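Everything on this sheet refers to the single structure shown next.
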Amino acid sequence: MPSLQDVTRGRVLFGGDYNPEQWPEEVWHDDVRLMKQARVTTVTLGVFSWAKLEPRRGAREFGWLDRVMDLMHEHGIGVVLATPTSSPPPWLGRLHPETLPRDEDGHVEHWGSRQHFAHSSAVYRRCAAAITEDLAARYAHHPALTMWHINNEYCTYDYGDEATNAFRRWLRERYGDLSTLNSAWGADFWGQVYDTWEGVLPPRRTHYTKNPAQVLDFKRFTSDALMECYLAEHDIVRAHTPHLPVTTNFMPLWQGQDGWKWAAQEDVVSVDLYPDPKDAGAGQYAALVQDLTRSQAGGDPWMLMEQAAEPVNWRGVNHPKPAGLNRLWTWQAVARGADAVCYFQWRQSRQGAEKFHSGMLSHAGEDGRTFREVRQLGAELAAVGPEVAGAPVPAEIAVLHDWESWWAGQQEGRPSSLLDHAELLRAWHRALWEANLPADFAHPAHDLSAYRMVVVPHLYALTDTAIENLTACVRAGGTVVCGFFTGVADGDDRVRPGGIDARLRALFGIRTLHEWWPLDADERVDCDGFTGTLWSEELAADDEAVTVAAYRGGELDGLPAVLRRGRAWYVSTLPEPDALRDLLRRAATEAGVRPPPADLPRGVEAVRRGGLLFLLHHGRDEVTVPLPGRHHDLLTGETVDGAIALGRYAVAVLREDAHPAGSLRVRGHQPPPLE
Ligand code: GLA
């Protein structure tokens, strides 16, 4: 299968979405001049160009795109060509209203924005296939073409009639007959039993709480229906260009697609990432998304398809990036496995909904700070990228995450509406980030044997296979650290007898779960040595369990807050950040996880990729990092002897002088051989 490495050829790609159709042609020449200055190597074309390519039904206007493709080729810039199917032209919705999606109230989402396509509309699919076919046929052999980008950020839910029929077909395939569906949906509750498939609906507006299994299946179905659209276009371009990789860009930590299933269908996994410069936790959040994307790519290099050079325009208040932050976050992505770092978009628009969203070339032009920083970054990536491109990011810890569990767990009618799957992932990943413990993500049923430690922040629903995978992990000598409200339901969202699955209770040494005790937003619970937030549990330990920390005071006084049975740990509250970090560090040390570089000042992130050590300083005050031995900083060309001073948003890409690449030692710890 073609891969990102076929395109990068040993470089880290740099570039962005390029929308030349918004500009007169003379501007295109200025664009390439400045792209060359910025060492741009790749652009993504055509993402929203359907109306320009097919201005009337069946018409084709490729001339402008021919000229852009040729121009890119002339200047040695590769093109990731998008199928324009995320924004159908106005004529399609006008002539075929059934191509427009409907929300749960039955309201139509009209053209005039984007993403207004009904995924199960036969006409939409036919028209999308036709333009894709013609694009692929026309540019298959164009020398600028390097990769295909299908659609853009698939995310549209549709509750309309064709989607309803498609949902019924999907359900028939899953359940075979209505009585199996009624059983899976627990339809006896509130008398929801179906007597005919025609009665089955998407979870449209209801008076009161919806059937949770129906909602869960609708999310599964929507992810699959969108994936059918993706695969239809994928297959068309693949037939024309079997040698070129195909991608579609994910949104970061986005609920709407089963990211494991989808990633398996991509040659290159790509993501769009827009941390908020004002968010003190933005660096950790970005690291999470980067680790997740790398893991979706099975550890292979991945592509940062979009980031913002400066502010976005879709938050309430849109903050620019202080000088240096764009560089820091870009190198962070490279450190965590990206071999392509790109932006939305090359030139900031003057019109339309995103005219206040930054570009690599902002309204301030080539003398503006944004472009000057972009130019510097492009030069650095051109120089240092080849030293790192293609190299793996080793990790001995896996964090388990599953979209289906997210869909099942984050619904109405739960013990606490404050429980947020993504926020819990963030809290646990942040604890690992602060301990500088590198981690991959994994699906709970993946082969986990390569990891010394498995961390489960929160997986409300677990299948039998997943539960057996976890127990096998501990049997094989691995460590499992598991967060609360995990293993509560099976794959149909049916609560497991006893409230937590019996196999998991045995694993962790829980005799009985008496009750969940969720906490209010401002509530804290004292535990030995720390306070907990969000959640607590009334648990009785069995004789095999050791209480690591007990609740102190209140109703749960003396009951276990954290308990373990050998290498299996269970954490029944959300410890405050430092406590969670220390707990994970302790478990990792016991598990034999390679110790992270020691003595790092707070806010300094250390990541190993291949034979290099990246130091990324997320703070503003100068700090000194002790670094025994002599290192060579590839960015400055300087030798680092014993310690390195890092100023605001500093980045260092270090190779240890005394040792060849691949055997870098930090503070005397020899990394184990890579598996
Ligand atoms: C998404 C889209 C882009 C652009 C950016 C703005 O990532 O893919 O087209 O709208 O958001 O941040």
Side-chain angles (χ1 to χ4, degrees), residues 83 85-86 101-104 109 115-121 124-125 128 149-160 162-175 181 184-185 200-204 210-235 246-266 269-272 289 292-293 295-297 400-411 421-422 425 441-446 459-463 466 489 491-493:
T83 63
T85 50
S86 69
R102 284 179 186 265
D103 69 12
E104 60 173 348
E109 293 177 2
Q115 246 83 27
H116 49 282
F117 63 91
H119 51 61
S120 296
S121 151
Y124 165 74
R125 288 196 183 192
H149 175 305
I150 305 292
N151 200 281
N152 190 65
E153 293 188 338
Y154 279 103
C155 61
T156 314
Y157 285 90
D158 183 14
Y159 298 75
E162 277 187 274
T164 301
N165 288 332
F167 184 41
R168 289 176 190 146
R169 280 196 300 275
W170 184 95
L171 290 166
R172 270 177 192 255
E173 213 161 282
R174 183 175 175 89
Y175 296 114
L181 174 129
W185 283 14
V200 178
L201 291 174
R204 290 179 177 163
K210 293 175 183 177
N211 181 314
Q214 180 186 2
V215 173
L216 170 61
D217 272 345
F218 187 65
K219 295 200 170 185
R220 289 178 171 134
F221 155 74
T222 299
S223 175
D224 285 357
L226 290 169
M227 198 162 86
E228 270 180 19
C229 293
Y230 164 76
L231 286 174
E233 295 179 30
H234 169 283
D235 292 352
V246 184
T247 188
T248 181
N249 49 342
F250 293 133
M251 284 189 270
L253 209 52
W254 164 244
Q255 258 220 47
Q257 291 159 283
D258 182 334
W260 295 122
K261 252 178 140 172
W262 274 74
Q265 303 295 340
E266 292 185 289
V269 178
S270 63
V271 75
D272 302 341
V289 172
L292 178 57
T293 309
S295 306
Q296 288 174 273
L400 302 192
H401 164 61
D402 178 22
W403 273 267
E404 296 213 16
S405 176
W406 190 357
W407 297 335
Q410 207 151 326
Q411 292 199 32
H421 180 97
L425 268 192
F441 281 86
H443 182 276
H446 281 171
L459 283 176
Y460 161 78
L462 282 174
T463 61
D492 289 336
D493 194 19

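Keep in mind that what you see is a predicted model, and the values were worked out from it rather than measured.
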With the side chain counted from C-beta on, respond yes when [X] and [Y] share a heavy-atom pair under 4.5 Å apart, and no when they do not.
X      : Y      : value
Val289 : Trp254 : no
Gln411 : Leu216 : yes
His421 : Leu459 : yes
Asn249 : His149 : yes
His443 : Leu400 : no
Gln265 : His234 : no

So, for [X] and [Y], which heavy atoms are closest and what is the spacing to 0.1 Å?
X      : Y      : value
Ala213 : Asn211 : N-OD1, 2.8 Å
Asp272 : Pro252 : O-CD, 2.8 Å
Phe441 : Ser295 : N-OG, 2.8 Å
Pro444 : Ala466 : CB-CB, 3.7 Å

Short side-chain donor-acceptor distance under 3.5 Å, [Y] and [X]:
X      : Y      : answer
Asp217 : Trp185 : yes
Asn151 : Thr85  : yes
Glu266 : Thr247 : yes

Nearest 0.5 Å, what's the [atom1]-[atom2] distance between [X] and [Y]?
X      : Y      : atom1 : atom2 : answer
Tyr159 : Phe218 : OH    : CZ    : 5.0 Å
Glu404 : Arg220 : CD    : CZ    : 4.0 Å
Ser120 : Asp158 : OG    : CG    : 6.5 Å
Glu233 : Thr83  : CD    : OG1   : 4.0 Å
Asp224 : His119 : CG    : NE2   : 10.5 Å
Glu153 : Thr248 : CD    : OG1   : 8.5 Å

Phe167 and Phe221 aromatic ring geometry - parallel, tilted or perpendicular at 30°/60° bounds: tilted
Parallel, tilted or perpendicular: ring planes of Trp262 versus Phe250, cut at 30 and 60 degrees: perpendicular
Any donor-acceptor N/O pair, [X] side chain to [Y] backbone, under 3.5 Å:
X      : Y      : result
Trp403 : Gln257 : yes
Ser223 : Lys219 : no
Gln214 : Leu201 : yes
Gln255 : Trp406 : no
Trp260 : His401 : yes

Pairing of Lys210 and Glu104 as salt bridge, 4.0 angstrom limit: yes
Residues Asp402, Tyr460; criterion side-chain contact (heavy atoms from CB on, under 4.5 Å); working and verdict: CA-CA 10 Å; Asp402 178 22; Tyr460 161 78; over 6 Å; no
